[in-house]
Amino acid sequence: MPREQLQVLQLEKLQKLLARLDGTNRFYTRKWKEAGVNTAAIRSLADLSKLPFTTKTELMRSQEECPPFGTNLTFPEHHYTRLHQTSGTTGTPLRVLDTDESWRWWGQCWAHVMSGAGVTKDDRIMLAFSFGPFIGFWAAVEGAQQMGAMMIPSGGWDSVQRLQAMRDLSVTVVCCTPTYALRLAEIARDEHFDLKALPVRALIHAGEPGANVPRTKQRIQSEWGAKCFDHGGASEVGAHSFECELQPGGTHVIETEFIVEVLDSESGRTVNPGETGELVITNLGRPGFPVIRYRTGDLVRLNVTPCECGRTFARFDGGLLGRADDMVTIRGVNIYPTAIENVVRQFASVDEFCVMVTTKRQMQDLEIQIEVGGGDNAEQVRSGVEQAVHHAISLRPTVTLAPRGTLVRDTGGKARRFRRLDAS
Ligand SMILES: [Zn+2]
């Protein structure tokens, strides 16, 4: 669809949604009234900026004040058929509710993710994930169903059982976190299981950065002998971006279902394509639990040039680049966790790592613990990592060796490799 036509569709969907919410959704009706805006005045996409931002804090507060679901509901409670909650890595989880209509929409978005990875009805998709309240790959189940592919849940299986099932059932696509894809590769090595002999040709990742970190992606691809696809989304927003088979170095935004704005976090002004800013997103197909101009805290760089795959959807160059609040400044140097990950993953014998920013007497330091497997000389690897990180971010870290198997490996949720310790 030509971009002009895409924008006409976005505006049409936006206007319909706003009309539906105004007067029925308590959260937004109150919010817009307080801001003194009339939704009927939104006559162009540019007018969207007249509406106030939505923050996670506001959604959380509405659930505290009006438990258990808050006021961001457009329909009576009995219309809702699904409850999920955010993973809670940054505090109390936020509950999200979906109606049948909104849940089908989630599935449609995931169908975009899957068709981007070349999935067809002939595929067998294993979801290597422990299904719980986190929305994680639940929507992938719906997406697989809409694609007509075979979905194989593996929640109760351990890693070895999952590997065996991939072989025995001829699994072609695996959905999991990037951390877990690497963990499975590590287990396969220990068990002398030939990962590359599996018919798996694609891995679809979500839940955390990794598939967009070039070295991590490269490592997953070479361990599995399969292509690895990034995807971006959030419980409170939806699955909004995905990688196409040509992998042009970023993820496409599903612009038929979302309106994205990339803003300077401080001033709130729109940044130019190619410049890094905060992703502010409006979902168009989830009237049951909508977010209008939601501040995601994710940093992105928009690219609107056409992709050779033929899609006219804009792209996030490099996927989600990190979170605005993940950035740490140590002695004047701005550091993003993904930049460190990209360096550490160059070292094939580093199985796991953990980064800590420690503060002692107002002095901040960067400490990296690594677990070294394989037959490599551990001390050589340690000093190699130290030098490579120093070279990449212009700051010398303290790198130490951790005994094998001691650093946290996450099998399902979000890996927490980055910590801040305040020892002052
Ligand atoms: Zn493309």
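Worth saying up front: this structure is predicted, and the values here are computed from it rather than measured. For this chain, numbers begin at 1 and follow the sequence in order. Both ligands and their constituent atoms are indexed starting at 1 by order of listing. Hydrogens, waters and symmetry mates play no part in the numbers below; they use all other heavy atoms, side chains included.
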Salt bridge between [X] and [Y], side-chain N to carboxylate O under 4.0 Å?
| X | Y | result |
| --- | --- | --- |
| K217 | E243 | yes |
| R183 | E352 | no |
| D123 | R201 | yes |

**Residue pairs involving residues 185-205 (criterion ring-ring contact (aromatic ring centres under 6.0 Å, His included); sequence neighbours excluded)** = none
**Message:** For distances below 2.8 Å, what is the count of protein N, O or S atoms around the Zn ion (ligand 1)?
**Reply:** 4
**Asked** What is the ring orientation for F258 with W105, classed by angle as parallel under 30°, tilted 30 to 60°, or perpendicular over 60°?
**Response** tilted
**Message:** Students often mix this up, so state it plainly: with edges at 30° and 60°, are the rings of H252 and F242 parallel, tilted or perpendicular?
**Reply:** tilted
